[in-house]
Each structure stands twice: as C-alpha cells, then as structure tokens.
*Asks:* 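Here it is, the structure, as structure tokens.
It should be emphasised that the depicted structure is a prediction, and the values quoted were computed from it without experimental measurement. A note on names: the letters A, B, ... follow the listed sequences, proteins ahead of strands, and every chain is numbered from 1.
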Protein chains: 2
Amino acid sequence: MAHDHAALLKHIKADMPSDELLQDLGDLFKIFGDTTRIKIMYALYEDEMCVCAIADLLGMTQSAISHQLKVLKAANLVESRREGKTIFYRLADEHVKSIIAQGYDHITE
Amino acid sequence: MAHDHAALLKHIKADMPSDELLQDLGDLFKIFGDTTRIKIMYALYEDEMCVCAIADLLGMTQSAISHQLKVLKAANLVESRREGKTIFYRLADEHVKSIIAQGYDHITE
DNA sequence: TTATCATATGAACGGTTGCTCATATGTTCA
DNA sequence: TGAACATATGAGCAACCGTTCATATGATAA
C-alpha cells in the first residue's frame, strides 16, 4: 500500500460528483473524441445539412456517416428533420458549439 | 452518388478548420473520453495530489494511474513536480476545468 | 551499499470501436 | 405498382485502447 492520506481523500471524495455522472461525462467526451464526428459537428456548425452532403464533404461513405449521426443523435448532440426523401441534421443546442470552442482554445495556444 | 450540392459544400469547406486541427481536436477530446482520466482530473480539480493518493481515491492500481497520468501529461492537461520520492500532479491550466464544466452543463440539464 | 518506498514502463490480453459491405426501410415520381 | 433515390441498419473485421502483471528507475534512510 502507499503512505497515509486518508484525511485528504475523505475531503476530496466528498467533493467528487457521483460515479454515474462521471461515467456520463466520459461517455459524452468519448463522442467528441473521434475526428469523423468532430468534422460532422463542424459541418453543421452554421446550418443544417443532409446526410449525403456531409458524406460528400468529408469524402466518406453514406453508411459511415449515417452510423455516426446515429451516435450523435443518441447523445442528443444533433437533431434531424425529414423533407421528402432527404433528412437534414442540425446541432441540437449551443452546448455542442461551446464544448468544441473550449477544446479549440486549448489547442490553439 | 447523391444529389447536387457542390455550391453549398464549397462554402462550408472554406469555413472548416484544417484536417490537422480537427484531428488534434478529436485527440484532445478522446483523452477526456475515459472515466478514469475524468476522475483523475476531478481529483486534481482543487489541489495537487500524489500518484498513490489518486490510486487510493479511485480504488485502482498505481500502475493504471501512472499510465493515465502519462497520457494526460503528454496532452499538457496535467503537470508534475517531485518532492523526495513522491511526485505531485496538478491540472495544467484552467482550460481543463472549463472543458469539463461545459460537458457537465450538457449532462445536467 | 542495501533495503524500502514511490513511480514509471513495456508487453500482452480482452474489450471496444469505426468502417465496409450487403441489405432493408421509407419517400417520390412516373 | 415499380423504379430510383436517400437514408438506416446489422454483421463482421481490423485497429485501437485500458488494464494487469512483471519489472525497471529513482530517491531516501539506515
């Protein structure tokens, strides 16, 4: 075992969020932790876009994009609307932008 | 192929960051995308802490914590200082907190 | 130096993940 | 209804990732 620091730990532990919330936080960032998904979110930064336009933009398969959009949607990071055969995706809320912006700031310094 | 949207894509593409930066962004968030690393960063939220205290706090192996601290340090998310046999880690800057805080906001709503 | 403590590190293993391929679903138009 | 288009989805595979285990490094004290 290690040296003693029980007193310190007791204090820190009390201030930590629940395990469940920490897990959710990790799961959320995991979704931002893929270049393809980051690119998709950037593509939707200003305006909605249909699936095939995103696929075209990123030079990737429609299937690959659809799979990732499903992941993003399940995490409430994007929303969609149908217009005929086409389905348009958009960012779900401003949090997506601010999370990306914070990461951007850390990188570009 | 899909329906035509060349004009749209040209505009969007011009506004996208470089592939390299998008890759870096993904890599950054990937580091936040693991519960163990999130817990470590939360442990260091208020004050520095030695490796074995973190291991004790999280109920994990010293080896596992060291491996993750190495990842965090390589990404400039934590820094360390030595004091005798002990090595103390701390958050590298305020960005770490603000990135986590943004994620937290998205979760707790 | 030798023993002990604190931390770091390399290899290996199991689980996860993102893409591809084939196919299914859903919509429009003739 | 049938054909074409846009998107969704399941299975399978290769690559990646986090932990464990064994061991190495570095520092202190006797």
*Asks:* Closest to the B:Thr36 side chain: C:dG10, D:dT19, D:dT7?
*Replies:* D:dT19

*Asks:* Between the base of D:dC21 and the side chain of B:Ser63, is one N or O donor paired with an acceptor at under 3.5 angstrom?
*Replies:* yes

*Asks:* Rounded to the nearest angstrom, tell me the gap between atom CD in A:Gln23 and atom C1' in C:dT16.
*Replies:* 13 Å

*Asks:* At 4.0 Å (heavy atoms only), tell me whether B:Lys73 reaches a base, stays on the sugar-phosphate, or touches nothing.
*Replies:* nothing

*Asks:* Please output the side-chain donor-acceptor pairs of residues 57-69 of chain B that fall under 3.5 Å, not counting sequence neighbours, one pair per line with the distance.
*Replies:*
{"from": "B:Gln62", "atom 1": "NE2", "to": "B:Ser66", "atom 2": "OG", "distance (Å)": "3.1"}
{"from": "B:Gln68", "atom 1": "OE1", "to": "B:Arg37", "atom 2": "NH1", "distance (Å)": "2.8"}

*Asks:* Report which part of the nucleic acid B:Thr61 touches: base, sugar-phosphate, or nothing (heavy-atom distance under 4.0 Å, all strands).
*Replies:* sugar-phosphate

*Asks:* Atom OH of residue position B:Tyr104 - does it have more than 12 heavy atoms of other residues, nucleotides or ligands inside 6.0 Å?
*Replies:* no

*Asks:* Nearest whole Å is fine: how far is C:dA8 P from B:Ile40 CD1?
*Replies:* 11 Å

*Asks:* Just compare C:dC21, D:dG26, D:dT19 and give me whichever is closest to any side-chain atom of B:Arg82.
*Replies:* D:dG26

*Asks:* Could you tell me how far apart B:Ile65 (CD1) and D:dT20 (P) are, to the nearest whole angstrom?
*Replies:* 9 Å

*Asks:* From the list C:dC21, C:dT27, C:dT9, which nucleotide is the closest neighbour of the side chain of A:Lys85?
*Replies:* C:dT27

*Asks:* More 5' along DNA chain C: B:Lys70 or A:Arg37, using each one's nearest nucleotide?
*Replies:* B:Lys70

*Asks:* For DNA chain D, whose closest nucleotide is more 5', that of B:Val71 or that of B:Gln62?
*Replies:* B:Val71

*Asks:* Using a heavy-atom cut-off of 4.0 Å across all strands, would you classify B:Phe88 as base, sugar-phosphate, or nothing?
*Replies:* nothing

*Asks:* Could you walk me through whether A:Gln102 and B:His95 pass the side chain to side chain contact (heavy atoms under 4.5 Å, CB included) check?
*Replies:* CA-CA 7 Å; A:Gln102 288 293 335; B:His95 278 135; 4.3 Å; yes

*Asks:* B:Ile87 has an atom CD1; how far is it from atom C1' of D:dT25, in whole Å?
*Replies:* 10 Å

*Asks:* A:Glu83 has an atom CD; how far is it from atom C1' of C:dG26, in whole Å?
*Replies:* 16 Å

*Asks:* Please determine if a side-chain N or O atom of B:Gln68 lies less than 4.0 Å away from the OP1 or OP2 oxygen of D:dC17.
*Replies:* no

*Asks:* Contact class for A:Thr86 vs. all strands (heavy atom < 4.0 Å): base, sugar-phosphate, or nothing?
*Replies:* sugar-phosphate

*Asks:* Check the distance between D:dC16's C1' and B:Ile31's CD1 and give it to me in whole angstrom.
*Replies:* 14 Å

*Asks:* May I have the step-by-step check of side chain to side chain contact (heavy atoms under 4.5 Å, CB included) for A:Tyr45 and A:Lys97, ending in yes or no?
*Replies:* CA-CA 7 Å; A:Tyr45 216 82; A:Lys97 292 188 184 182; 3.6 Å; yes

*Asks:* Less than 4.0 Å between a side-chain N and a carboxylate O, is that true for B:Arg81 and B:Glu83?
*Replies:* yes

*Asks:* Among D:dA11, D:dT19, C:dT9, which nucleotide has an atom closest to any side-chain atom of A:His67?
*Replies:* D:dA11

*Asks:* Give the rounded distance in Å between these two atoms: CG of A:Asp27 and P of C:dG15.
*Replies:* 18 Å

*Asks:* So, OP1 or OP2 of D:dA6: does either fall under 4.0 Å of a side-chain N or O from A:Tyr89?
*Replies:* no

*Asks:* Which word best sums up how the rings of A:Phe32 and B:Phe29 line up, parallel for under 30°, tilted for 30 to 60°, or perpendicular for over 60°?
*Replies:* tilted

*Asks:* Round to the nearest Å and state the distance from A:Leu72 atom CG to D:dA8 atom C1'.
*Replies:* 15 Å

*Asks:* Starting the side chain at C-beta, find the nucleotide from C:dA8, D:dT19, C:dT20 nearest to B:Val51.
*Replies:* C:dA8

